[in-house]
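Computed from heavy atoms alone, side chains included, the values below leave out hydrogens, waters and symmetry copies.
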Amino acid sequence: EVQLVESGGGLVQAGGSLRLACTTSGFTLGDYAIGWFRQAPGKEREGVSCISKSVGATYPTYYADSVKGRFTISSDDAKNTIYLQMNSLKPEDTAVYYCAADLSRRWCGSYSFTALVADYWGQGTQVTVSS
């Protein structure tokens, strides 16, 4: 059974940092691209970052403009876990953060990624940034 479980969310002051983790099981992590998405209250879900180790990936790593220079995505294959290090957090980063997996090696930054099409989704973790 494929599972993606997010953790690491919480309450932090503006300017602070959090590290989210997406722990995966049921598939070979290196075969999939893993993305982070977020959904703020009253807003649509949006893609935040993505990582793909597949040969021929269009974007081995991808970041939305709103988080470039502040967020860093990384993977620990031994732990089957993808991390999202979030620094210099802003109140507008407040959202439920989800991780998702897709088998397409060109998924990161693609139309499908933007359109929220993915093979598997996690349940989400809340991030709240206070001003």
Side-chain angles (χ1 to χ4, degrees):
E1 179 186 6
V2 172
Q3 285 191 318
L4 293 88
V5 180
E6 302 92 338
S7 61
L11 174 64
V12 64
Q13 288 188 331
S17 298
L18 281 175
R19 188 178 75 160
L20 305 183
C22 173
T23 303
T24 69
S25 61
F27 62 92
T28 301
L29 186 57
D31 290 341
Y32 281 75
I34 305 294
W36 284 98
F37 298 78
R38 67 186 181 186
Q39 187 165 16
K43 295 188 177 181
E44 294 184 349
R45 192 173 299 188
E46 62 176 356
V48 174
S49 184
C50 187
I51 186 168
S52 175
K53 294 187 174 182
S54 299
V55 174
T58 304
Y59 299 104
T61 57
Y62 166 87
Y63 297 96
D65 288 342
S66 59
V67 305
K68 279 181 182 176
R70 300 188 298 123
F71 290 10
T72 302
I73 192 169
S74 63
S75 69
D76 185 335
D77 292 352
K79 295 183 178 180
N80 292 322
T81 300
I82 300 293
Y83 299 100
L84 185 68
Q85 178 67 44
M86 306 187 297
N87 298 329
S88 302
L89 283 162
K90 305 175 182 180
E92 51 263 43
D93 294 317
T94 294
V96 178
Y97 283 72
Y98 301 88
C99 64
D102 197 88
L103 190 57
S104 172
R105 60 184 178 181
R106 294 188 172 86
W107 184 57
C108 291
S110 71
Y111 174 80
S112 293
F113 179 84
T114 304
L116 310 179
V117 176
D119 291 331
Y120 305 104
W121 287 89
Q123 294 300 306
T125 185
Q126 176 70 47
V127 171
T128 303
V129 184
S130 63
S131 56

Enquirer: Walk me through whether Tyr63 and Ile73 qualify under side chain to side chain contact (heavy atoms under 4.5 Å, CB included).
Expert: CA-CA 9 Å; Tyr63 297 96; Ile73 192 169; 3.4 Å; yes

Enquirer: Run the salt-bridge test on Lys90 and Asp93 with the 4.0 Å N-O cut-off and return the result as yes or no.
Expert: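 So Lys90 does not pair with Asp93 through a salt bridge.
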
Enquirer: Can you label the angle between the Tyr62 ring and the Phe113 ring as parallel, tilted or perpendicular, going by 30° and 60°?
Expert: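 Rings of Tyr62 and Phe113: perpendicular, over 60°.
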
Enquirer: Please round to the nearest 0.5 Å and tell me the distance separating atom SG of Cys22 and atom OH of Tyr97.
Expert: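 Reported to 0.5 Å precision, the distance equals 14.5 Å.
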
Enquirer: For Gln123, is the CD atom crowded, meaning more than 12 foreign heavy atoms sit under 6.0 Å from it?
Expert: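 For Gln123, atom CD is not crowded (no more than 12 foreign heavy atoms under 6.0 Å).
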
Enquirer: Indicate yes or no for a side-chain donor-acceptor contact from Thr24 to the backbone of Asn80 under 3.5 Å, with no hydrogens or angles considered.
Expert: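 Yes, because the side chain of Thr24 sits within donor-acceptor range (under 3.5 Å) of the backbone of Asn80.
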
Enquirer: So Tyr120 and Tyr32, do their side chains get closer than 4.5 Å, heavy atoms only?
Expert: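 In short, these two side chains touch, coming nearer than 4.5 Å.
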
Enquirer: Under the 3.5 angstrom rule, does the side chain of Thr28 hit a backbone N or O of Gly30 as a donor-acceptor pair?
Expert: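 Looks like no, no N/O pair under 3.5 Å.
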
Enquirer: Evaluate side chain to side chain contact (heavy atoms under 4.5 Å, CB included) for Ser75 paired with Ile34, printing each intermediate quantity in order.
Expert: CA-CA 9 Å; Ser75 69; Ile34 305 294; over 6 Å; no

Enquirer: Under the salt bridge (Lys or Arg N to Asp or Glu O under 4.0 Å) test, which residues partner Glu46, sequence neighbours left out?
Expert: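 Here the qualifying residues are Arg38.
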
Enquirer: Please name all residues satisfying ring pair (Phe, Tyr, Trp, His ring centres under 6.0 Å) with Tyr98, sequence neighbours left out, ordered by chain then number.
Expert: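 So Tyr98 forms no ring pair (Phe, Tyr, Trp, His ring centres under 6.0 Å) with any residue.
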
Enquirer: Would you check if Ile82 and Cys99 make a side-chain contact, meaning some heavy-atom pair closer than 4.5 Å?
Expert: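 A side-chain contact is absent here, since even the closest heavy-atom pair is not under 4.5 Å.
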
Enquirer: Apply the side chain to side chain contact (heavy atoms under 4.5 Å, CB included) test between Leu20 and each candidate in Met86, Gln85, Glu6; give the one that qualifies.
Expert: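 Per the side chain to side chain contact (heavy atoms under 4.5 Å, CB included) rule, the option paired with Leu20 is Met86, out of Met86, Gln85, Glu6.
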
Enquirer: Is it the case that the side chain of Thr81 and the backbone of Asp77 share a donor-acceptor pair, with hydrogens and angles ignored and the cut-off at 3.5 Å?
Expert: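 No; judged by distance alone, with no hydrogens or angles, the pair does not exist.
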
Enquirer: Using the rule side chain to side chain contact (heavy atoms under 4.5 Å, CB included), only one of Thr94, Leu18, Val67, Thr128 pairs with Leu89; which is it?
Expert: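 Of all the options given, the one that passes is Leu18.
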
Enquirer: Taking all non-hydrogen atoms of both residues, which atom of Ile51 and which atom of Cys108 are closest, and how far apart?
Expert: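 Between these two residues, the closest heavy atoms are N-SG, 3.5 Å.
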
Enquirer: Say whether, by atom type as modelled, one donor and one acceptor occur between the side chain of Asn87 and the main chain of Ser17 under 3.5 angstrom.
Expert: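 No: the side chain of Asn87 does not pair with the backbone of Ser17.
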
Enquirer: Would you kindly confirm whether Leu103 and Trp36 end up in one hydrophobic cluster when ILVMFWY residues are joined by side chain heavy atoms under 4.5 Å apart?
Expert: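 Hydrophobic grouping puts Leu103 with Trp36.
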
Enquirer: Please find the pair of heavy atoms, one from Ala33 and one from Ser104, that lie closest to each other, and give the distance.
Expert: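 For Ala33 versus Ser104, the nearest heavy atoms are CB-O, 4.0 Å.
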
Enquirer: Kindly indicate whether the side chain of Cys50, heavy atoms from C-beta on, has any atom under 4.5 Å from the side chain of Trp107.
Expert: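 When only atoms from C-beta onward are counted, Trp107 and Cys50 do touch, with a gap below 4.5 Å.
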
Enquirer: Compare every heavy atom of Ser49 with every heavy atom of Leu84, then report the nearest pair and how far apart it is.
Expert: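 It is CD1-CB, 4.0 Å.
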
Enquirer: So, for Phe37 and Trp121, is the gap between ring centers shorter than 6.0 Å?
Expert: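 Phe37 vs Trp121: aromatic centres under 6.0 Å.
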
Enquirer: Test of understanding: with salt bridge (Lys or Arg N to Asp or Glu O under 4.0 Å), list the residues that count as partners of Arg19, not counting sequence neighbours.
Expert: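 Per chain and number, Arg19 pairs via salt bridge (Lys or Arg N to Asp or Glu O under 4.0 Å) with no residue.
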
